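Only heavy atoms go into these numbers, but all of them, side chains included; no hydrogens, no water, no symmetry mates. Every chain is numbered from 1, with letters handed out A, B, ... down the list of sequences. Predicted, not measured: the structure shown is a model, and the values here were computed from it.
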Amino acid sequence: MNEKLKGYKDKAKNMLEKYEINIWDIISIETKKSTYKGILLPRNEYSAPNVIEIKLDNNYNIGINTSKIIQIKKLGVRKADYKIPKKEFPINKKLPNIILFGTGGTVASRLDYTTGAVIPSFTPGELFNAVPELAEICNIETEIVFEILSENMRPEYWQKLALKIEKAANEGKEGIVIGHGTDTMGFTSAALSFMLKDLNVPVVLVGSQRSSDRPSSDAALNLINATRLATSDIAEVVVCMLGSSSHDYGLIHRGTLVRKMHSSVRHTFRTIDDLPLGMIKDKKINMFKQDYQKRSDKNTIAKTNFEKNVALVYSYPGMENDILDFYVDKGYKGIVIAGTGLGHVSTKIYDSIKRAIQEDVTILMTVQTLHGFTGMNVYSTGRELLNMGVIPGRNMLPETAYVKLGWTLGQTNNKEEIKKLLLTNISGEYIERELPIAFNYNIDQLIKKKK
Amino acid sequence: MDKLDYKKLGLKCGLEIHQQLNSNTKLFCRCPNELQGNKNPDFTLKRLMRPVLGEMGVYDKAMLTEYLKGISIIYEGYNDSICTYEIDETPPFSCNNEAINIAIKIALLLNSNIIEEMHVCRKNYLDGSVPCGFQRTMILAKDGYLELEKGKKIGIDILCLEEDAARKIKTENKINYFRLDRLGIPLVEIATKPDINDPLECRETAERLGLLLWSTNVKKVLGSIRQDVNVSIKEGTRVEIKGVQKLDWIPVLIEHEISRQSKLINIKNELKAKELKKDNIFNKSMDLTKPLAKTNSKFISKGIKSGKILHGINIRGFKGIFGTELAEDYRFGTEVSSKVKSISGLKGIIHSDEDLNKYKFSESDIKKIKELLDHEEDDCFILILGNKNEIEKATDVIINRIQYAFEGVPPETRKAIDNGNTEFIRELHGGARLYPDTDSQAIINSEEKINEIKKSLPEYPWNIIKDYSEKYKVEDQKIKDLIFTGNLDIFNELLKIYPKNPVLIITTLLDTSTALRRDGKKINNILEKDYKEIFNLLSRKEIGKEAIEEFMILKSNKPHLTIDQIKKELNIQSISVEELNKIIQKILDNLIDLIKEKEMNAMGPLMGELMKEVRGKIDGKVISEELKKNLTKKLEEINK
């Protein structure tokens, strides 16, 4: 596409070409009724044709239909002059050294007022400029590991990230923070939990639900909480995000039990089936649970092998055999089913399940209710599935189960060992006891009671 | 004051009007468009606003100042009228079409060009009044005009459709409390061009804009329309005056602003003539806390005892400037002091142009101050008392404001106060706070839609006023009042039901309801359908016009009653003319002596007696006619 007239097509493009006008030019458009002066803006390629879009002097954007335009004049060119103020991140030898890995998304950013585009800031200096509070917590080093939208996350990125963490943890970084898009943060936290054996420092995943270019963003507060947490003694992979809609406290979620539960609210992350590990407010950490792995001198080992041919399938009424057959035909090695109720599928797809297991495809059952355990001895369907060789995933979240199955199949080909690994609590994905309040805990009430 | 020569002064005024629209739901979510009054909120949320990096990678100064105040925000919401959109937890939904259509109608009445493709923009607000930190706004029309009575056309620069902000309830312990019910109500902002050159013309423009808006589907309650006036004169600068609540304030505010600006220009020229330079007038600024610890002034010594610091600033050659009157009851000293109050939180300043006796300084106090500050005869000194932080901020404000005296009039947003003067709110915002809203789609205003709306444009209200006042023989003001009380539509409806007495309808809607409201009656309980039923009863002669007020009182007190039930409760059974005549006969017989004595002059007292029995049960006009007829007959009988 012609970058000079980005997004313009048909009549609008012809007209702009005729008057030799490019985007960012300052122009005046004469219509039958009015004259509009402004800067020609690039256009979204999916927007209506035959409209020319400009930013007026008063900074409002408007679109003018070409059919109304008598003529266009070029008055000049807008000069862009971006400068980010250079500020050094102050080093304080008394404070712990933290590394922040970037994976995409924006923890700190500034705005291009013309396009509305968000320009990320990521160097320590830029971060310090945006969130100066960080300098009171730690010394920070940053590294962009990759720059992707979190929906485009892939197992190979988890592997790369795990290796980076292994190196940083063993080379003396006292804590690791990972900036991550929130969409698949729960998958990544589970993957890192399984891949990092004997983790010796905190690994904290953090993101924001309101981008950092808006004054009401949760990004700065989440980042402050996450870096503080990275200096704590919790040597686990955790997610740290706001715990309520207020800009008040963050919650600390174990990486294998956490799930994004709302498409947009700030407190979207919830620990499922258990209480969160704890909370953080005004840099103070308050633990709800004590059974967490502590900081140690062990050597962290990244076991990153991962079988990519694993699928996650949602059971639904009317499901047919061809769904599972498809994966088996394609050579998939494992399938996680998010089953109905206690871990069921329609008896109509027994054939495809039997076939899959016969062909050494591991089938791991979870519950689409998210809360609660599989209970495959309760009804005949469950018993029959167990008998076929389906492995019950207990309380595991379907997403965590998907990651665990991929990771397990990456570790071994042995059928018995696969089953054994799957049924072993590797990284806190299994709970022993389900607390009655775990189903619908209310943190605000919990805090009030504690007081 | 002599009438000023506005042309020579180069007076330019513009108006900015904000008006809430009366759509069913809000602009970007489907919450009801209803304020919740003083109802207790169902939930609260705490939020912090952080300044964001601007286009050039730096923080906006005003934003940073706001942030450094350390203010947090508590939002108060209601479960049945606030959704996750208002609390900035869900992206916007589609823009409300009903609101767009109302705004297009207004734009067409203002002869404006409708923008074919609207783009929603964000305007940053860090005071917390919008939970996401920005207001969503879009230009809907541009370059229209409003015609005044004598034919002058006032240009309409832009008409924007935007969301109203949350209501500020209070500030307590560095927390701003906002209630979210108002947030998101559709609003049109109309900005005129600076084509207005006379204070009365500005009043007329504001009145016409108001009338025009209130003849469309906008919210017609107190506070649903807000107007700001922009004023500048030659060599002066544009100053925005907010919070203009009454039309009659407009000319007064403008006169005062003209005076303020011209006097500031005079000061600028005076300083130039004195050959003073803004960079070397502050010869001394120092801490006077210790030397004046034992001052005679209780005000100062008490402050110092409580831990406050006293600072003095001496300004070379400034004698008399602080005492210069800029407008009635408003000196340059007031100007500096009100800015200090607004920014630093101090209660005010003391300066040597004011009567220092009121602070009870002793002569030796003054001497000491003058000596310590190297004060000379031509100078002015300022004293400020407060904590360290306040003193620092106040000193900055004072120095900046004094230095600006060399340039004339600072561009500011000011607030109208009761005596016709204004006080500083903030520096005038630049335009760079606007940027595209990446959460919404462009909105197309098709030619078909615009043409459809054109078909149903109402008549201009000033034509209606002229027409009605002639047709119904009432003053213009009455019809204006009908519009400005939101009663024109009801009037038209009632006129269809009861065409024979338009004045009675106007009196009912304006005078009776105002009187009852002043009496503390909740006349909002009387709905349009209630008025219709009352006038239906009237037109069927089931009640007399004298009963209207009683119906209104009872409906105000007992809103759950229907008009029919009220009729029963009032025991109004209409009577026929025959029944009336029987009652008249009875009274005439009873009061025969009075009739003999006063003859036709007995009409008055007889009417009084009669009304006791038949008030509201039959039309008063019929009563008086029948009484007259009967009395004449009776007198004839007597005189036979």
At a heavy-atom separation under 4.5 Å, does [X] approach chain A through its side chain, its backbone, both, or neither?
X      : answer
B:D439 : side chain
B:C121 : side chain
B:I73  : neither
B:I444 : side chain
B:T137 : both

Geometric class of the B:F28/B:Y85 ring pair [parallel <30°, tilted 30-60°, perpendicular >60°]: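 Tilted: the ring planes of B:Y85 and B:F28 meet at 30° to 60°.
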Below 4.5 Å from any heavy atom of chain B, which atoms of [X] appear? Answer side chain, backbone, both or neither.
X     : result
A:T31 : neither
A:Y36 : side chain
A:V51 : side chain

Value rounded to 0.5 Å, distance of CG in B:D195 from CG in B:L15: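 With rounding to 0.5 Å, CG (B:D195) is 11.0 Å from CG (B:L15).
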Over-ring placement of A:R270 relative to A:Y441, 6.0 Å and 45° cut-offs: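 Geometry flag: set, cation within 6.0 Å and 45°.
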Pi-cation contact, B:Y145 with B:K153 (under 6.0 Å, within 45°):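 Yes, B:K153 lies over the aromatic ring of B:Y145.
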A:L134 side chain near A:L223 side chain, heavy-atom distance below 4.5 Å: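 Yes, side chains in contact.
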A:L56 and its side chain to side chain contact (heavy atoms under 4.5 Å, CB included) partner, picked from B:I139, B:L434, B:I158: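 With A:L56 as partner, side chain to side chain contact (heavy atoms under 4.5 Å, CB included) holds for just one option, B:I139.
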Chain B interface, residue from A:R214, A:H262, A:Q209, A:R266 that has the most non-hydrogen pairs under 4.5 Å: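 Counting heavy-atom pairs under 4.5 Å, the top option is A:R266.
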Contact winner vs chain B - A:K33, A:R210, A:H267, heavy-atom pairs under 4.5 Å: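 Among the listed options, the one with the most contacts to chain B is A:R210.
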Those residues that, when tested against B:K105, pass salt bridge (Lys or Arg N to Asp or Glu O under 4.0 Å) (two or more places apart):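 For B:K105, no residue satisfies salt bridge (Lys or Arg N to Asp or Glu O under 4.0 Å) once neighbours in sequence are set aside.
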Pick from B:M49, B:H119, B:E89 with the largest number of heavy-atom pairs that fall under 4.5 Å of chain A: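 Among B:M49, B:H119, B:E89, the one with the most close pairs to chain A is B:E89.
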Best-contacting candidate, B:D88, B:T90, B:D143, against chain A by heavy atom pairs under 4.5 angstrom: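 It is B:D88.
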By side chain to side chain contact (heavy atoms under 4.5 Å, CB included) - contacts of B:E116 (at least two apart):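 Testing B:E116 for side chain to side chain contact (heavy atoms under 4.5 Å, CB included), a comparison that skips the adjacent residues, returns A:I64, A:N65, A:K68.
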